[in-house]
Amino acid sequence: MSDAFDRLGYGTYKLADGEECVAGVAHAVETGYRHVDTAQGYDNEASVSAGIDRTDVDRDDLFVATKLSTDNLSYDDATATARVSRDRLGVDSIDILYVHWPINTYDPDETLPALDDLVDEGVADRIGLSNFRPDQLEAAIDRLDHDVFAHQVECHPLLRQPELRELAVEHGHWLVAYSPIARNRVADVDVLRDIAAKHDASPAQVSLAWLLSKERVAPIPKAASADHVEANWAARDLDLDPVDVERIDALDREDRVVDFDEAPWNHG
């Protein structure tokens, strides 16, 4: 089991399988990232593995996450495809295995026991959930034998997720924030631009620093270019003033980047 979980991770959504993903992961790891996030649905698990292999960093010093696709959530499909993902990633065990979305074939009575058994059998070290509504999250936590290590959702200054952040603190898991710069929509927000100018930073860096200022929140920005990989990493050194954090906390926005009719928050 790797203990290399780092609060600032590297996301690989939409990094094409092949050289783009391999090079991106390799550069991120060489920059200092130790938490790498992928998914069955990204079709790039093998490229993530190849990117890691291109570096001198030992697998045991990395925290590698993947997610079960929504077609693979029956007990048999979850347990079988998790093993395939483990092999594609080239790891002895997956550091954290998420349910990507609680839709389509998601069935708490099948999916959640599969996760427990995968941990018991050493295929995965930790359980993660992703894109669950608060009620679904609490129901899953109650149903699982093992603790939930992380809940991954979209979170950024334009979608602050206060209820899910409070549940993360209450239950002691991490809220892993995807799309943490809202696909750079943050660059158009005056408050974030003002704070960025004050600190000689970018609005994206301000957004990441704001997330890092919150208890039990871990952003995973995706970046393809080397410059963006390094700029995101530099956000770890940006210390926002309390007044900066308060100004961002006061943003009254709920702008989702990822939304579709079947999404859990549009039901129930």
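One distance of note links CG of Leu112 with CG of Leu144; it measures 4.5 Å at 0.5 Å rounding. The structure places CG of Leu238 at 10.0 Å from OG of Ser207, a figure rounded to the nearest 0.5 Å.
Taking the six-membered ring where tryptophan is involved, the planes of Phe5 and Trp174 are tilted, since the angle between them lies from 30° to 60°. A perpendicular orientation is assigned to the rings of His35 and Phe63, their planes being inclined by more than 60° (bins at 30° and 60°).
Partners of Arg54 under the side-chain hydrogen bond (donor to acceptor under 3.5 Å, both in side chains) rule, at least two apart in sequence or in another chain, are Glu19. Residues satisfying the salt bridge (Lys or Arg N to Asp or Glu O under 4.0 Å) criterion with Lys198, sequence neighbours excluded, are Asp241, Asp244.
At a threshold of 4.5 Å between non-hydrogen side-chain atoms, the residues Asp37 and Tyr98 count as touching. Counting only heavy atoms from C-beta outward, the side chains of Ile248 and Val245 never approach each other to under 4.5 Å. You'll find the side chain of Pro157 reaches within 4.5 Å of the side chain of Leu192, heavy atoms only. At a threshold of 4.5 Å between non-hydrogen side-chain atoms, the residues Ile220 and Pro180 do not count as touching. No side-chain heavy atom of Leu211 sits less than 4.5 Å from a side-chain heavy atom of Lys214. Residues Leu8 and Pro219 meet the side-chain proximity criterion, which asks for heavy atoms closer than 4.5 Å. Annotation: side chain of Arg183 is in contact with side chain of Val258 (closest heavy-atom distance under 4.5 Å). The shortest distance between side-chain heavy atoms of Leu115 and Leu68 falls below 4.5 Å.
A donor-acceptor distance shorter than 3.5 angstrom exists from the side chain of Thr55 to the backbone of Val57, with no hydrogens or angles considered. Side chain of Tyr33 to backbone of Trp233: a donor-acceptor contact under 3.5 angstrom is found. A donor-acceptor contact shorter than 3.5 Å links the side chain of Ser49 to the backbone of Leu89. One N or O on the side chain of Gln205 and one on the backbone of Ser202 form a donor-acceptor pair closer than 3.5 Å. Arg88 places no side-chain N or O within donor-acceptor distance of the main-chain N or O of Glu45, the cut-off being under 3.5 Å. The backbone N or O of Thr79 lies less than 3.5 Å from a partner atom in the side chain of Arg83, making a donor-acceptor pair. Between the side chain of Asn44 and the backbone N or O of Thr12, at least one donor-acceptor pair lies under 3.5 Å. Between the side chain of Asp116 and the backbone N or O of His146 there is at least one donor-acceptor pair closer than 3.5 Å. Side-chain N or O atoms of Gln161 include one that pairs as donor or acceptor with a backbone N or O of Glu154 at under 3.5 Å. Proximity of a side-chain donor or acceptor of His267 to a complementary backbone N or O of Asp261 within less than 3.5 Å is detected.
Under the 4.5 Å side-chain heavy-atom criterion for Ile, Leu, Val, Met, Phe, Trp and Tyr, Val176 and Leu15 are members of distinct hydrophobic clusters.
Within a 6.0 Å sphere centred on CZ of Arg34, heavy atoms belonging to other residues, nucleotides or ligands number more than 12. Atom NE2 of His228 is surrounded by 12 or fewer heavy atoms from other residues, nucleotides or ligands within 6.0 Å. In Asp200, the CG atom is not crowded: 12 or fewer heavy atoms of neighbouring residues, nucleotides or ligands sit closer than 6.0 Å. Counting heavy atoms of neighbouring residues, nucleotides and ligands inside a 6.0 Å radius, atom CG of Asp147 does not exceed 12 of them.
In summary, of the residues considered (Val48, Asp53, Thr38), a side-chain contact (heavy atoms from CB on, under 4.5 Å) with Val25 occurs for Val48 alone. His100 pairs in a ring pair (Phe, Tyr, Trp, His ring centres under 6.0 Å) with only one of the listed residues (Tyr42, Tyr13, Tyr106), which is Tyr42.
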### Task
Evaluate the criterion ring-ring contact (aromatic ring centres under 6.0 Å, His included) for residue pair Phe260 and Trp101; output intermediate values, then yes/no.
CA-CA 12 Å; Phe260 54 99; Trp101 293 89; 4.9 Å; yes

### Message
Please determine whether side chain to side chain contact (heavy atoms under 4.5 Å, CB included) holds for the pair Gln40 and Thr81, giving the CA-CA distance in whole Å, both sets of side-chain angles, and the decisive distance to 0.1 Å.
### Response
CA-CA 9 Å; Gln40 292 176 346; Thr81 63; 3.2 Å; yes

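Annotation: cation-pi pair Arg247/Trp210 absent, no NZ/CZ under 6.0 Å from the ring centroid and within 45° of its normal.
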Please output the side-chain donor-acceptor pairs of residues 163-172 that fall under 3.5 Å, not counting sequence neighbours, one pair per line with the distance.
{"from": "Arg165", "atom 1": "NE", "to": "Arg160", "atom 2": "O", "distance (Å)": "2.7"}
{"from": "Arg165", "atom 1": "NH2", "to": "Arg160", "atom 2": "O", "distance (Å)": "3.4"}
{"from": "His171", "atom 1": "NE2", "to": "Glu138", "atom 2": "OE2", "distance (Å)": "3.2"}

